[in-house]
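A, B, ... follow the sequence lines: proteins, then strands. Residue 1 opens every chain. These numbers come from the heavy atoms of this one structure, side chains and all, not from hydrogens, waters or symmetry mates.
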Protein chains: 2
Amino acid sequence: MLKFYFSGAPNPVKVALFLEEAGLPYEGIPVDTRRGDQHKPEYLAINPNAKVPAIVDGDVTVFDSSAILIYLAEKTGKFLPSPGDRARGELLSWMFFISSGIGPFAGQSVHFRVYAPEKIPYALNRYAYEARRHFGIVDARLAKQKYMLGDTYTIVDMNLWGWARLVPMVLGEEAWGKFPHLKRFTDEIGARPAAIKAAALRERYKFKTEMDEEAKNAMFRHLSEKAV
Amino acid sequence: MLKFYFSGAPNPVKVALFLEEAGLPYEGIPVDTRRGDQHKPEYLAINPNAKVPAIVDGDVTVFDSSAILIYLAEKTGKFLPSPGDRARGELLSWMFFISSGIGPFAGQSVHFRVYAPEKIPYALNRYAYEARRHFGIVDARLAKQKYMLGDTYTIVDMNLWGWARLVPMVLGEEAWGKFPHLKRFTDEIGARPAAIKAAALRERYKFKTEMDEEAKNAMFRHLSEKAV
């Protein structure tokens with residue numbers, strides 16, 4: 001059975017959504033990143049980047065949530081756009097937009113808002129600006145169409161949903177007011193039975209919730225290691 | 001003919017490398033990001049993210065360098081790993097590792113080292129640590145094999161090369177000493193005739209080189225716009 005290494009963070013939840021939507025049987029294997037499970041040699045053999053999610057599907061290992069979504073969509077033939085060059089170009093463009101833009105910049109905004117030990121105005125502004133800019137681009141697109149690639153629900157939507165549901169954490173509680181179309185989209189996907197199951201997956205396991213010294217050192221190693 | 005929107009930045013150069021390696025005819029269209037060309041409505045219609053590179057191939061538009069590399073490799077059947085599930089999983093994992101990890105974190109390190117108007121020790125350390133960690137992962141892999149996916153030169157190598165050649169800008173001149181295998185790989189790819197042509201492409205156009213107020217405002221809009 002497919003092994004799914006996960007935590008309650010945004011990236012694993014996207015993959016959980018696909019697995020539930022596709023009805024693929026899987027064994028969930030929790031990786032408690034606040035206890036440092038991601039740095040253990042047996043996990044690094046699966047994902048040398050020490051991040052979740054990853055999957056092991058027979059003799060195939062795939063890490064990075066976007067890579068896993070494409071791999072699983074191709075394997076099952078589900079949640080991909082209709083065949084055609086234009087659709088393929090759009091799929092790839094938006095998957096990488098989310099992966100290289102929304103994910104990292106939203107992640108940096110959360111880091112400086114929530115986790116960094118000091119409030120740094122320059123960094124707070126840079127990443128809030130970039131996160132808002134990125135969410136604004138998809139909001140404008142979703143003003144004109146139901147899903148990211150048109151009328152059909154695809155892995156691009158699952159990928160976006162994983163981060164869009166965290167808009168309040170990335171930009172503050174009032175931020176939804178700026179992205180009404182993204183809010184409509186996020187609420188609609190969040191109400192799907194598969195999304196409810198995906199979001200609840202973390203509750204089946206006892207992940208550490210305290211952000212204490214152990215957790216900070218496991219998640220943000222640069223706090224204790226000087227690189228410059 | 002395929003239209004290739006580019007500048008001299010790391011991401012367009014990867015796509016130029018593919019085009020030269022594959023011998024695909026293309027029309028290069030410079031986008032001078034220091035003059036703000038990327039924010040013009042006609043370019044935003046191609047890439048709403050206001051970044052280079054992008055391509056227009058008949059009625060297909062693709063943006064983001066990694067997306068373009070996969071699109072072109074699939075279109076031409078070149079520089080992809082041998083067919084097989086394992087190879088597909090590895091290809092996707094490493095493409096997204098570069099896109100969501102190496103690119104953004106190296107980019108943040110350059111921003112705080114080179115462009116930010118103030119020196120912020122916390123941010124400098126965070127991004128130098130993360131850039132070094134990411135480059136260390138691929139260095140360890142290249143200690144054991146010639147290319148990222150084994151013996152065969154693929155789009156993963158082109159993708160990595162685009163950023164690896166900037167290691168000194170990301171981490172300082174002395175940083176190569178920490179990544180001998182990545183250095184060997186980067187030098188080898190950089191000596192290929194296609195790489196020499198790709199790197200020289202920018203010299204055919206007069207891109208603005210001054211990082212003056214116009215350039216900073218075009219490239220880092222958060223400098224003049226408050227988001228928090």
Revision key, fill the gap. Comparing A:Leu91, A:Ile98, A:Asp85, A:Asn47 against chain B, the one with the most heavy-atom pairs below 4.5 Å turns out to be A:Asp85
Check your understanding: So do A:Phe97 and B:Lys51 actually touch side chain to side chain, heavy atoms under 4.5 Å?
Key -> no
Revision key, fill the gap. Taking every heavy atom of A:Glu225 against every heavy atom of B:Asn125, the minimum-distance pair comes out as O-ND2, 3.4 Å
Revision key, fill the gap. Comparing B:Pro121, B:Gly89, B:Ser93, B:Gly103 against chain A, the one with the most heavy-atom pairs below 4.5 Å turns out to be B:Ser93
Review point. Highest number of heavy-atom pairs under 4.5 Å with chain B: which of A:Arg86, A:Arg133, A:His111, A:Glu74?
Key: A:His111
Point to revise | Top contributor to chain A contacts, counting heavy-atom pairs under 4.5 Å, from B:Phe96, B:Trp94, B:Phe112, B:Phe105 | key: B:Phe96
Review point. Is it true that atom CG of A:Asp212 has more than 12 heavy atoms of other residues, nucleotides or ligands lying nearer than 6.0 Å?
Key: yes
Point to revise | Closest non-hydrogen atom pair between B:Asp64 and A:Ser100, with its separation | key: OD2-OG, 3.1 Å
Study note, to complete from the structure: Expected contact set for residues 138-145 of chain B against chain A at heavy-atom separation under 4.5 Å reads none
Practice item. Rounded to the nearest 0.5 Å, what's the gap from CE on B:Met95 to CE on A:Met95? Could you check? Key: 13.0 Å
Check your understanding: In terms of heavy-atom proximity below 4.5 Å to chain A, should B:Ala87 be classed as side chain, backbone, both, or neither?
Key -> neither
Review point. Where does B:Arg126 contact chain A at under 4.5 Å (heavy atoms): side chain, backbone, both or neither?
Key: both
Just distance, no hydrogens or angles: give the donor-acceptor pairs under 3.5 Å from side chains in residues 213-221 of chain B, sequence neighbours left out.
from     : atom 1 : to       : atom 2 : distance (Å)
B:Glu214 : OE1    : B:Lys208 : NZ     : 2.3
B:Asn217 : ND2    : B:Glu213 : O      : 3.3

Check your understanding: How about B:His222 and A:Tyr122: are their ring centres within less than 6.0 Å of each other?
Key -> yes
Practice item. Please determine, among A:Ala128, A:Gly84, A:Ala131, the option with the most heavy-atom pairs under 4.5 Å with chain B. Key: A:Ala128
Point to revise | Which atoms of B:Pro48 approach chain A - backbone, side chain, both or neither, heavy atom under 4.5 Å | key: both
Result block: side-chain N/O donor-acceptor pairs under 3.5 angstrom for residues 56-63 of chain B, not counting sequence neighbours:
from    : atom 1 : to      : atom 2 : distance (Å)
B:Asp57 : OD1    : B:Lys75 : NZ     : 3.4
B:Asp57 : OD2    : B:Tyr71 : OH     : 2.9
B:Asp57 : OD2    : B:Lys75 : NZ     : 2.8

Distance-only check: which donor-acceptor pairs under 3.5 Å involve side-chain atoms of residues 159-178 of chain B, not counting sequence neighbours?
from     : atom 1 : to      : atom 2 : distance (Å)
B:Asn159 : OD1    : B:Lys14 : NZ     : 2.7
B:Asn159 : ND2    : B:Ser66 : OG     : 3.0
B:Trp163 : NE1    : B:Asn11 : OD1    : 3.3

Revision key, fill the gap. Ranked by heavy-atom pairs below 4.5 Å to chain A, first place among B:Val228, B:Ile137, B:Asn49 goes to B:Asn49
